[in-house]
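As the structure lists them, so they are numbered: ligands from 1, and atoms in each ligand from 1.
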Amino acid sequence: MSTPTTTRQRSYPKDFLSVLDFSHDQLDEVLGLAAVMKHERNLLNHAPTTHALRGRHVALLFEKPSLRTRSTFEVAIHELGGQVLSPTGDAVFGGRETIADVARNLERWVSAVVIRTFAQSRLETFSQAAPRLSVVNALSDQEHPCQAMADVLTLIERWGDVQGRTVAFVGDGNNVANSLAQACLGLGINVHIASPDGYALDAADALRASGHARFGAHLRLFVDPVEAVREANAIYTDVWASMGQESEKAQRDAIFRPYQVNDALMAAAQPGALFMHCLPAHRGDEVTDSVIDSAVSVVFDQAENRLHAQKAILHAIVRA
Ligand code: CP
Ligand code: NVA
């Protein structure tokens with residue numbers, strides 16, 4: 001079997017700002033590589049990818065809090081032989097200089113930056129200002145593509161053949177829902193999203209995700225959560241108020257209450273349906289303890305798979 005190092009296609013984009021940056025072939029290849037890397041992790045220093053980032057630095061630039069994303073990127077970079085640089089958030093996003101100038105500086109020192117910020121356009125500004133720098137989206141208000149890669153890796157592990165299955169996302173049509181739809185549709189998984197009026201996935205995002213669908217997979221938007229989960233083989237939810245929406249929390253709690261994933265909603269899905277959540281979870285709000293702690297919950301597999309998926313993404317896009 002060829003090692004992951006030899007399977008990398010030189011045609012990968014320099015950035016990973018969206019799942020849609022990968023062609024279908026690249027999506028398949030990176031997920032395959034992530035599975036190999038997960039398996040090879042037991043080999044420690046003997047894994048073929050141990051030196052993939054040797055001699056290179058990767059900067060982590062986070063404008064919002066993170067447990068999973070920051071931790072898994074740090075571990076991923078170390079395990080690929082690279083070094084982590086973590087400038088303080090105020091030095092990068094505090095307005096001392098333009099984002100483009102921050103990018104032009106970092107390009108002289110590091111091979112890649114992993115950015116968590118608000119507007120997706122900030123990531124694009126960063127990428128355009130630094131043509132030799134790989135930029136990875138570690139969550140924006142619009143997308144969370146690294147999360148989605150870990151999510152579909154988890155589904156592939158659980159289901160084997162994922163084509164024709166259905167994932168129902170119940171809650172806010174947010175960054176996680178958007179990237180999940182892109183990744184699932186790209187693998188031939190149907191996506192149903194149930195949201196209250198006014199909180200549906202953005203129509204332009206829905207159109208873009210649908211344009212990426214393979215094998216006849218469909219995206220359907222619902223208001224009624226029970227209707228959305230009826231054909232679902234997995235139910236996914238996320239917080240009702242995302243980072244940056246804290247002032248709307250009380251209002252959103254009231255609006256989203258009927259969208260809680262509880263035992264009754266799980267019972268309305270297909271037999272054996274999985275429960276998924278990107279975490280952090282607000283137990284008692286979008287999900288009950290009885291569901292998140294149940295045997296069908298795969299939330300910590302998703303969290304583990306952040307590491308393997310991100311190693312594969314970095315390996316694919318970061319250039320020598
Ligand atoms: N799921 C996720 O991105 O977690 P963090 O916000 O802790 O990074
Ligand atoms: N939608 C959430 C995801 C957190 C991982 C947020 O943006 O805060």
Side-chain angles (χ1 to χ4, degrees), residues 16-19 34 58-77 84 86 89 93 113-123 136-155 167 169-183 191 193-196 199-202 205 209 235-249 251-253 255-256 259-261 275-283 285-287 292 297-311 313-314:
F16 184 63
L17 305 189
S18 170
V19 172
V58 178
L60 304 186
L61 313 179
F62 280 60
E63 201 177 4
K64 295 175 177 174
S66 170
L67 170 66
R68 279 148 291 274
T69 310
R70 181 185 280 282
S71 306
T72 49
F73 266 110
E74 286 208 20
V75 175
I77 293 158
V84 174
S86 293
F93 300 108
V113 290
V114 174
I115 304 180
R116 170 167 286 195
T117 188
F118 292 87
Q120 183 85 3
S121 58
R122 276 203 158 173
L123 294 159
V136 179
N137 183 354
L139 181 147
S140 67
D141 289 345
Q142 285 75 36
E143 310 209 19
H144 197 3
C146 295
Q147 178 70 52
M149 294 294 281
D151 296 339
V152 291
L153 181 61
T154 306
L155 292 177
V167 173
F169 183 97
V170 177
D172 190 18
N174 64 12
N175 45 8
V176 170
N178 188 22
S179 293
L180 180 74
Q182 295 170 357
V191 177
I193 303 180
S195 316
Y199 296 90
L201 181 67
D202 176 75
D205 287 336
I235 299 182
Y236 197 127
T237 192
D238 183 15
V239 293
W240 294 334
S242 286
M243 291 179 278
Q245 298 173 331
E246 290 77 8
S247 65
E248 298 172 34
K249 187 176 177 334
Q251 185 195 355
R252 282 172 170 263
D253 280 356
I255 293 170
F256 281 93
Y259 290 78
Q260 182 186 68
V261 180
F275 172 72
M276 306 181 78
H277 195 308
C278 55
L279 305 179
H282 293 170
R283 290 165 174 260
D285 286 345
E286 76 272 7
V287 61
I292 197 170
S297 173
V298 294
V299 299
F300 298 111
D301 290 341
Q302 293 171 257
E304 175 182 342
N305 284 336
R306 297 295 304 277
L307 171 62
H308 311 300
Q310 289 160 196
K311 281 172 82 171
I313 292 163
L314 289 171

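Taking 4.5 Å as the limit, some side-chain heavy atom of Arg68 sits within range of a side-chain heavy atom of Pro280.
Some N or O of Ser242 is nearer than 3.5 Å to an N or O of ligand 2, by distance alone. By the 3.5 Å distance cut-off applied to N or O atoms, Arg70 is not counted among the residues near ligand 1. Ligand 2 has no nitrogen or oxygen under 3.5 angstrom from a nitrogen or oxygen of Leu139. Residue contacts with ligand 1: Pro280 is placed with no nitrogen or oxygen under 3.5 Å of a nitrogen or oxygen of the ligand (distance criterion only).
In terms of protein heavy-atom proximity, atom 7 (O) of ligand 2 is nearest to Asn175 ND2, 2.9 Å. Ranking the protein heavy atoms by distance from atom 8 (O) of ligand 2 puts Met243 N, 2.8 Å first. In terms of protein heavy-atom proximity, atom 3 (C) of ligand 2 is closest to Asp238 OD2, 3.6 Å. The nearest protein atom to atom 5 (C) of ligand 2, hydrogens excluded, is given as Leu279 O, 3.7 Å; this is a heavy-atom distance.
In terms of heavy-atom proximity, Asn175 sits nearest to Ser140 at ND2-O, 3.0 Å. Summarising the geometry of Met276 relative to Val299, their closest heavy-atom pair is C-CG1, 4.1 Å, with the distance given to 0.1 Å. Here the closest non-hydrogen pair linking Phe118 and Gly244 is CE2-CA, 4.1 Å.
Thr154 and Asn305 share a donor-acceptor pair across their side chains, judged by distance under 3.5 Å alone. Between the side chains of Gln310 and Thr72, at least one donor-acceptor pair of N or O atoms lies under 3.5 Å. Under 3.5 Å, the side chains of Asn137 and Gln120 contain a donor-acceptor pair of N or O atoms. With 3.5 Å as the limit, one finds a donor-acceptor pair spanning the side chains of Glu143 and Ser18.
Within the 4.0 Å heavy-atom cutoff, Gln302 does not count among the residues contacting ligand 1. Between Asp172 and ligand 2 there is no heavy-atom distance shorter than 4.0 Å. Heavy atoms of Arg306 approach ligand 1 to within less than 4.0 angstrom. Residue contact annotation: Leu139 has no non-hydrogen atom under 4.0 Å from ligand 1.
Close approach to His144 involves these atoms of ligand 1, each under 4.0 Å from a residue heavy atom: 2 (C), 3 (O). Those atoms of ligand 1 with a heavy atom of Leu67 less than 4.0 angstrom away are 5 (P), 7 (O), 8 (O).
The option with the heavy atom closest to atom 6 (O) of ligand 1, from among Arg68, Arg116, Met243, is Arg116.
Between Phe256 and Trp240, the ring-plane angle classifies as parallel under the 30° and 60° cut-offs.
Between Asp285 and Arg252, no side-chain nitrogen of the basic residue sits less than 4.0 Å from a carboxylate oxygen of the acidic one, so the salt-bridge criterion is not met.
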